Every structure is written in C-alpha cells, then in structure tokens.
Amino acid sequence: MSARLGSAAAAAKFVGSGSANGLKNCARLSGPAVRIRLRLRSSTGPLVVDAKKTRRMAVSFSKGGEEVKKLTYKDAGVDIDAGSELVRRIAKMAPGIGGFGGLFPLGDSFLVAGTDGVGTKLKLAFETGIHDTIGIDLVAMSVNDIVTSGAKPLFFLDYFATGHLDVDLAEKVIKGIVDGCQQSECALLGGETAEMPGFYPNGEYDLSGFAVGIVKKDEVIDGKNIGIGDVLIGLPSSGVHSNGFSLVRRVLSQSGLSLKDRLPGNNGLHKIHEGTHIISKGGVKGIAHITGVVLPSIIYRVFPSGLGANIFSHSWDIPPVFKWIQEAGGIEDAEMRRTFNMGIGMVLIVTKEASEGILAEHQPSNPAYLIGEVVPGEGVKFV
C-alpha cells in the first residue's frame with residue numbers, strides 16, 4: 001500500500017478553480033460525535049408509497065407483444081432494507097449516526113465528514129474504458145453529503161485499490177478526482193494506492209472517497225427548525241448519478257443493451273450541487289442529498305418528529321432515462337422512487353419567502369422546482 005499525502009501549501013493549488021460549490025446518504029461515521037447530528041430515520045418508516053408493491057416481483061407485463069419481467073432493486077442483488085437494518089444496529093453502538101455527514105466539534109465550528117464510493121457504476125468505466133470521469137462522481141457523493149449540514153468543503157482524500165497497478169489507468173482516475181475537487185473548490189489532500197494481487201480481476205479497481213468541511217456552530221443546518229408551511233425546493237439531477245446501477249445493469253441485460261449504449265436523457269456524471277451558494281442567501285432549514293433509498297425516506301430523515309411532507313408528483317421534469325429504465329424493466333412506481341433519484345439530486349427545505357428568491361433566480365437552463373410542502377403528521381405522501 002502506498003499513501004499519498006500532501007502539505008497544506010501543496011494542496012492549495014487545487015482550490016479555487018472550480019465552477020460550483022459542492023453541496024448522499026452516509027453509511028456510517030464514527031468518532032466522538034455530537035448529538036446535534038441528524039436523527040436516524042428508517043428507510044422503512046411511515047411512508048405512503050404503496051410499499052407492498054416494492055417487495056413482490058410480478059411475473060411480467062406486455063410490451064409490444066413481448067413479455068417483460070418486472071424487476072426490483074432486490075432482484076438485482078441490493079437489499080435496501082438490510083442496509084437500513086445495519087445502520088440501525090451500528091447506531092446502537094455509536095449513537096448519533098444516521099445523518100448525511102458526521103459533525104466533530106472544533107472551537108466555535110464543526111468539522112463535517114462524509115465518505116462513500118461509486119458502487120457498481122465502476123462497471124461502466126471498466127466496460128467503456130473511460131476512467132477520467134468516475135472520480136468526479138466519487139467526489140460528488142461525499143461533498144454533496146457534507147454540504148447538507150451547511151459546511152464549506154475543505155479537503156478530500158481518496159482510496160484506490162487494484163490487483164495490478166496500471167499507472168496510466170490510475171492517473172486517469174486520479175485526474176477525475178482532481179477535476180471533482182476543483183469543481184467543489186476543495187483540496188485533494190492525499191490518498192492511498194493499494195495494489196493487492198489476486199484480489200481484483202484484471203483491469204478492475206475499487207474507489208472510496210472521504211470529504212471534510214467546516215461550518216460555524218451557529219450556522220449548522222440540521223432540520224430542527226423546519227415547520228409547517230415551509231416548502232421543498234428540488235434541484236435537478238443530471239441523470240442516474242451513482243446509485244441504482246446494479247438495477248440499471250440488470251435492466252440493460254434484460255433489454256439486450258450494454259453499458260456502452262448511451263441511455264436517453266442521461267449525461268452520466270454526478271452533479272456537484274450549488275448548495276453553499278443558496279445557503280448563503282438565508283432561509284434554508286434542511287437539506288437532503290438524494291441518492292439511493294431516494295425521495296421519501298431521505299427527505300423524511302431531516303424532518304423533526306411530528307412533521308411530514310406532501311410531494312407534488314408532477315412538479316418536475318423526470319429525465320427520459322428513468323422512463324426508459326422503468327419501461328424496459330417493468331419496474332413499479334414505488335420501486336423506482338425507492339431506488340433512483342427520479343430527476344431530483346438535492347432537496348432544500350426552506351421558508352416560503354426564501355423559496356421565491358431561489359425559484360426566481362434559477363433559469364430554464366439551471367432550473368429549481370417547487371416540489372412539496374411541510375405538513376403536520378409524520379410520513380411522506382405523493383399527491
């Protein structure tokens with residue numbers, strides 16, 4: 001294994017050249033965490049989204065005279081409920097876990113940390129031979145998480161593991177990570193390269209990323225002040241992002257296509273959101289990074305007890321890629337909402353007054369949508 005660490009001076013060259021400030025769902029975070037972190041919310045909480053349909057697999061439906069097998073994320077090998085159960089068990093050992101990022105007290109501020117990978121989207125890089133953009137996805141997954149607390153990203157660390165080190169390939173991967181850090185205006189502080197013969201198939205590798213940011217204690221966004229009458233603003237995703245690719249691959253296999261075929265309405269890269277810019281204008285009470293276990297349960301995680309949300313089902317444009325995936329895979333509406341971001345990459349819970357400014361500022365080329373409202377009673381309903 002080979003660590004790659006840099007000094008503050010060396011890291012500074014990566015800062016300040018990005019086009020947007022960064023704004024997922026952390027599996028777990030450890031350390032002397034403080035109780036101000038977001039309350040753990042189960043992905044199987046009181047949701048009104050026809051949960052029964054998500055657990056069964058209907059035999060088939062007809063499409064152009066052909067039978068299409070109906071698929072679920074679990075059929076593709078990913079059990080969302082098992083993942084939620086693991087988080088609940090970990091939370092018993094390390095209370096406070098369950099938010100998008102972990103907060104560590106430092107003087108009058110909190111360091112906010114997040115970690116993630118890009119899942120089986122790596123298969124896309126392996127099959128296409130395109131390795132210089134997967135690093136942008138890696139950075140986005142963690143940076144978008146920590147900004148949900150109002151944090152400004154400071155630095156990023158990566159872990160690159162492979163069976164045989166192909167220097168040219170690894171350089172391309174790291175280039176994507178550098179690009180992601182520049183877009184997020186944070187430093188690539190260092191990383192780890194692990195060469196493990198016999199552990200990975202030839203030409204394959206795995207990635208993990210770790211982001212750290214900072215926020216003043218009196219400026220933390222934790223959802224505690226969310227109230228009835230606040231509204232939900234959705235910032236669009238650029239497509240599938242980095243979650244649900246196990247199901248995408250299963251659908252592609254069933255359809256006869258491959259990862260090399262371009263899916264409709266999907267530009268491939270995980271969008272690094274402009275959350276810090278919006279936060280600075282005030283009125284933002286909660287933020288949810290929409291990745292896997294999508295809209296209903298992730299939004300619900302940032303709400304105080306006793307409050308829920310009505311989501312306006314037709315209030316945003318669903319990218320064509322999701323419509324294609326649903327039709328080709330015969331996937332139920334509830335399962336689509338449970339697995340994919342459905343065109344919304346981040347949700348801001350804001351005051352009505354703040355929403356007016358946010359919506360007015362965003363142009364058709366960079367839209368924002370009024371997608372819901374906070375209501376009394378726990379649960380998330382699509383109306």
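Residue numbers count from 1 along this sequence. Computed from a predicted model, the values in this text were never measured in an experiment.
- Residues Lys217 and Pro105 are in side-chain contact: their nearest non-hydrogen atoms beyond the backbone lie under 4.5 Å apart.
- No donor-acceptor pair under 3.5 Å is formed between the side chain of Glu185 and the backbone N or O of Pro153.
- No donor-acceptor distance shorter than 3.5 angstrom exists from the side chain of Ser208 to the backbone of Gly117, with no hydrogens or angles considered.
- With sequence neighbours left out, the ring pair (Phe, Tyr, Trp, His ring centres under 6.0 Å) criterion links Phe126 to Tyr205.
- In this structure, the side chains of Leu188 and Leu157 stay at 4.5 Å or more apart for every pair of heavy atoms.
- Few gaps surround CD on Glu85; more than 12 heavy atoms of other groups in view lie less than 6.0 Å from it.
- Heavy-atom minimum distance, Ala354 versus Gly283: CB-CA, 3.9 Å.
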**Request:** Apply side-chain hydrogen bond (donor to acceptor under 3.5 Å, both in side chains) to Thr115 and Ser142, showing your working.
**Result:** CA-CA 5 Å; Thr115 181; Ser142 291; 5.2 Å; no
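- Under a 3.5 Å cut-off, the side chain of Thr128 and the backbone N or O of Ile130 do form a donor-acceptor pair.
- Listed by first and then second residue, the salt bridge (charged side-chain N to carboxylate O under 4.0 Å, His left out) pairs involving residues 346-355 amount to none (not counting sequence neighbours).
- What you find for Phe322 and Gly343 is that their closest heavy atoms are CE1-N, 3.4 Å.
- Around atom CG of Asn202, no more than 12 heavy atoms belonging to other residues, nucleotides or ligands sit under 6.0 Å away.
- Here the side chain of Ser184 pairs no donor or acceptor atom with the backbone of Cys181 at under 3.5 angstrom.
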Determine all donor-acceptor pairs shorter than 3.5 Å in which one atom belongs to a side chain in residues 225-235; sequence neighbours excluded.
{"from": "Asp230", "atom 1": "OD1", "to": "Lys285", "atom 2": "NZ", "distance (Å)": "3.3"}
{"from": "Asp230", "atom 1": "OD2", "to": "Gly227", "atom 2": "N", "distance (Å)": "2.7"}
{"from": "Asp230", "atom 1": "OD2", "to": "Lys285", "atom 2": "NZ", "distance (Å)": "3.0"}

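- Distance alone, capped at 3.5 Å, places no donor-acceptor pair between the Trp316 side chain and the Ala368 backbone.
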